[in-house]
Amino acid sequence: MGSTKLILVLFCLLLIISSSSAAHKKKMQARKPCKRLVFYFHDIIYNGKNAKNATSAIVSAPAWGNRTLLAGKSHFGDVVVFDDPITLDNNLHSTPIGRAQGFYLYDKKETFTAWLGFSFVFNSTAHKGSINFAGADPLMNKTRDISVIGGTGDFFMARGIATLMTDAFEGEVYFRLCVDIKLYECW
Ligand SMILES: *[C@@H]1O[C@H](CO)[C@@H](O)[C@H](O)[C@H]1NC(C)=O
Ligand SMILES: *[C@@H]1O[C@H](CO)[C@@H](O)[C@H](O)[C@H]1NC(C)=O
Ligand SMILES: *[C@@H]1O[C@H](CO)[C@@H](O)[C@H](O)[C@H]1NC(C)=O
Ligand SMILES: *[C@@H]1O[C@H](CO)[C@@H](O)[C@H](O)[C@H]1NC(C)=O
């Protein structure tokens, strides 16, 4: 008798918890971003000739490649570390407002796709702090979403989604990404 009562109480509790979390989920989906930021960043990959201008370098390559040129097989296995300027418009020569720092690694042999882990680091009058990003980047797609997993300073506890668009690329030396950041948690 006692145990049936307990089970009943537990069952009711479970029902309440699950219905309230479902309601929460619905509310989250309907939410609009609390902050939206659009930036560009520019990556110039070292290719053996552009040491002065390069902002990124291949730091690891598979056995069939080297660290001077991106490997065949969709660059599979290459790891690139970058320290790229961030600008407000799509001009590489605009005054940078921060740096995009981190790495990407190519992780599929059949097509160009990468995994990104990096931070936007700001130290200007407009923005101070950092925004941290991580996620898969199927870069043949016009737009890709990656996670905004955190932030510091002006972006304390930031969470959201960043939509990446390849704004331009020149061979395997230069590319420019447009990053449309939508934060759903702002403090
Ligand atoms: C480096 O950048 C400057 C200025 O944009 C450009 O004139 C020069 O051609 C570049 N050099 C290399 C090696 O890419
Ligand atoms: C790197 O590999 C490329 C081919 O992928 C080749 O053309 C180049 O000579 C290699 N460079 C070095 C320094 O081994
Ligand atoms: C940010 O900029 C200020 C003023 O230029 C400088 O004193 C400070 O060291 C910088 N901080 C970082 C983390 O670069
Ligand atoms: C990539 O684009 C295709 C078609 O445009 C879409 O179906 C797919 O969901 C996209 N994938 C990602 C990860 O954005």
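Note that ligands are numbered from 1 as they come in the structure, with each ligand's atoms numbered from 1 the same way.
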*Tell me whether M140 is reachable from Y174 by hopping between hydrophobic residues (I, L, V, M, F, W, Y) whose side-chain heavy atoms are closer than 4.5 Å.*
no
*With a cut-off of 4.0 Å, which atoms of ligand 2 are near a heavy atom of T68?*
13 (C)
*Starting from W64, walk the hydrophobic network (Ile, Leu, Val, Met, Phe, Trp, Tyr; side-chain heavy atoms closer than 4.5 Å) and list everyone else you reach, by chain and number.*
F76
*Pairwise ring pair (Phe, Tyr, Trp, His ring centres under 6.0 Å) hits with a residue in residues 136-172, at least two apart*: F122-F155, H127-F155, F156-W187
_Plane angle bin for F120 and F39 - parallel if under 30°, tilted between 30 and 60°, otherwise perpendicular_ = perpendicular
*Is L88 reachable from I181 through a run of hydrophobic residues whose side-chain heavy atoms are each under 4.5 Å from the next?*
yes
Write 'none' if nothing qualifies; otherwise put on separate lines each N/O atom of ligand 3 with a protein N/O atom under 3.5 Å away and their distance to 0.1 Å.
{"residue": "ligand 3", "atom": "2 (O)", "partner": "N123", "partner atom": "OD1", "Å": "3.2"}
{"residue": "ligand 3", "atom": "2 (O)", "partner": "N123", "partner atom": "ND2", "Å": "2.4"}
{"residue": "ligand 3", "atom": "11 (N)", "partner": "N123", "partner atom": "ND2", "Å": "2.9"}
{"residue": "ligand 3", "atom": "14 (O)", "partner": "N123", "partner atom": "ND2", "Å": "3.2"}

*Residues sharing V79's hydrophobic cluster, by side-chain heavy-atom contacts under 4.5 Å among ILVMFWY, directly or via others?*
V59, V81, F103, L105, W115
